[in-house]
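Below, read A as the first sequence line, B as the second, and so on, with proteins coming before strands; counting in each chain starts at 1.
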Number of protein chains: 2
Amino acid sequence: MKTSLEVLKQELLDNNIHLSHQRLKVLEYLIQNHNHPTVEQIFTDLHKDISTLSKTTVYNTLRVLEDAGLVRVITIEGTETRYDIEVENHGHFKCKSCGKIYDFEIDMNVLSSPDLEKFQISDKDVYFKGICPRCSQH
Amino acid sequence: MKTSLEVLKQELLDNNIHLSHQRLKVLEYLIQNHNHPTVEQIFTDLHKDISTLSKTTVYNTLRVLEDAGLVRVITIEGTETRYDIEVENHGHFKCKSCGKIYDFEIDMNVLSSPDLEKFQISDKDVYFKGICPRCSQH
DNA sequence: ATCAAGGTTGTAATGATTACAACTGTGCAG
DNA sequence: CTGCACAGTTGTAATCATTACAACCTTGAT
Ligand SMILES: [Mn+2]
Ligand SMILES: [Mn+2]
Ligand SMILES: [Zn+2]
Ligand SMILES: [Zn+2]
């Protein structure tokens with residue numbers, strides 16, 4: 001399991017990123033909530049514990065984590081930005097009915113195209129949309 | 001070539017969508033500009049010809065076209081929404097250096113995952129990011 | 001000519017994100 | 001010890017894309 005707190009803490013230290021109380025809380029939150037939360041969700045939930053927490057800090061922290069490559073930003077819908085602690089390549093499916101985002105396994109190596117021979121690819125995102133099984137059975 | 005004006009006009013009529021002057025202009029613009037423009041670009045360029053054009057109309061039209069399945073919305077970057085008249089499945093590569101978005105061929109059929117057996121998939125988006133060849137040769 | 005429906009327009013409101021300046025805590029030089 | 005520098009945090013203001021809304025316009029049918 002790549003998303004253990006200790007491993008991620010070490011990665012932050014390796015990147016010369018100070019482990020502040022707030023940053024650790026955001027990190028823990030993402031590890032415990034793999035449901036691709038929005039900034040609003042992260043802030044609202046953490047604010048219950050840390051009443052002094054600022055939403056700006058959540059934004060700042062997520063940017064730090066993103067730059068360090070510890071979180072992935074999901075923009076499957078232009079209207080909402082979501083965050084994922086799981087950076088290993090996998091796809092995301094969003095149900096148009098219930099709005100839930102599902103992870104799914106996918107072989108990213110198969111996703112090569114001759115058109116991109118000379119391109120340096122650093123990020124691969126695969127987004128599907130449709131209806132999930134739970135919503136299918138009307 | 002699927003993106004001929006006549007074919008698209010017929011598709012609009014089939015969907016009971018009135019072919020107003022403004023809508024036709026937006027449609028023509030998308031056909032002539034395959035560079036995945038933003039609303040701002042579409043509006044600014046069309047406004048030169050149609051001085052009375054409202055940005056709201058551009059938004060409205062794009063939504064109508066999207067709902068009719070004639071345009072695809074590209075949210076490769078959470079910060080900008082772009083539009084593509086080409087709805088046939090293909091991938092998009094965004095260069096982190098120059099910002100240009102490239103199309104690339106990809107076999108969407110190979111993009112199936114056993115995890116999604118029971119899912120009804122209606123949209124497949126593949127977004128890559130990195131450095132394009134032009135920017136590579138420093 | 002009158003009317004209804006749909007389309008367009010301009011402006012106001014919304015909401016997410018960013019900018020910014022003040023504040024806080026920590027570690028080290030003196 | 002004491003004060004300073006630096007990084008991180010906070011709250012508020014500003015920004016900017018998008019949406020809501022109401023007035024206006026066009027068109028086609030009665
Ligand atoms: Mn995920
Ligand atoms: Mn395209
Ligand atoms: Zn569902
Ligand atoms: Zn480039």
Quiz prompt | Sugar-phosphate, base or nothing in reach of B:T57, heavy atoms under 4.0 Å | solution = base
In whole angstroms, the gap separating P of C:dT11 from CG of B:N60 amounts to 16 Å
Heavy-atom nearest nucleotide on DNA chain C taken for B:T79 and for B:H21; more 5' hit belongs to B:H21
Between A:T56 and C:dT17, is there a contact of a side-chain N or O with OP1 or OP2 at under 4.0 Å? no
When rounded to whole Å, the CG to C1' distance for the pair B:L19 and C:dG6 reads 14 Å
*asked:* Before you tell me yes or no, could you show the steps for A:F43 and A:Y59 under ring pair (Phe, Tyr, Trp, His ring centres under 6.0 Å), namely the whole-Å CA-CA distance, both residues' side-chain angles and the distance that decides it to 0.1 Å?
replied: CA-CA 9 Å; A:F43 171 74; A:Y59 275 107; 9.3 Å; no
Checking C:dG7, C:dT9, C:dT17 against the side chain of B:H18 (C-beta onward), the nearest is C:dG7
What verdict does the side chain to side chain donor-acceptor pair (under 3.5 Å) test give for B:D45 and B:Q41, after you've listed the backbone C-alpha separation in whole Å, the side-chain angles of each residue and the deciding distance to 0.1 Å? CA-CA 6 Å; B:D45 287 351; B:Q41 289 173 280; over 6 Å; no
Here the distance between atom P of D:dG8 and atom CG of A:L24, to the nearest Å, is 13 Å
Looking only at side-chain N and O atoms, does A:S20 come under 4.0 Å of OP1 or OP2 in D:dT9?
yes
Please examine the side chains of A:L53 and A:V58, heavy atoms only from C-beta on, and report whether any two atoms are closer than 4.5 Å. yes
(message) So, OP1 or OP2 of C:dT8: does either fall under 4.0 Å of a side-chain N or O from B:R23?
(response) yes
From CG of A:L62 across to C1' of C:dT17 the rounded distance in Å is 12 Å
From the candidates C:dT18, C:dT9, D:dT9, the one with an atom nearest any side-chain atom of A:R63 is C:dT18
query = For the rings on A:F128 and A:F104, is their centre-to-centre separation under 6.0 Å?
reply = yes
Of the listed D:dT9, D:dT10, D:dT19, the closest approach to the A:L53 side chain comes from D:dT10
The answer to which of A:N16 and B:E80 contacts DNA chain D further toward the 5' end, by nearest nucleotide, is A:N16
A:R82 CZ to C:dA16 C1', in whole Å, measures 14 Å
- Verify the contact: side-chain N or O of A:T52 to OP1 or OP2 of D:dT9, cut-off strictly under 4.0 Å; return yes or no. no
Practice problem: Quick one: label B:T38 by what it contacts on the DNA or RNA (base, sugar-phosphate, nothing), any heavy atom closer than 4.0 Å. | Solution: nothing
Whole-Å distance, B:E40 CD to D:dA17 C1', equals 9 Å
query = Judged by modelled atom types alone, do B:H92 and B:H90 share a side-chain donor-acceptor pair under 3.5 Å?
reply = yes
Separation of D:dA7 atom P from A:D67 atom CG, nearest Å, is 16 Å
Rounded to whole Å, OH of A:Y83 lies from C1' of C:dA16 at a distance of 10 Å
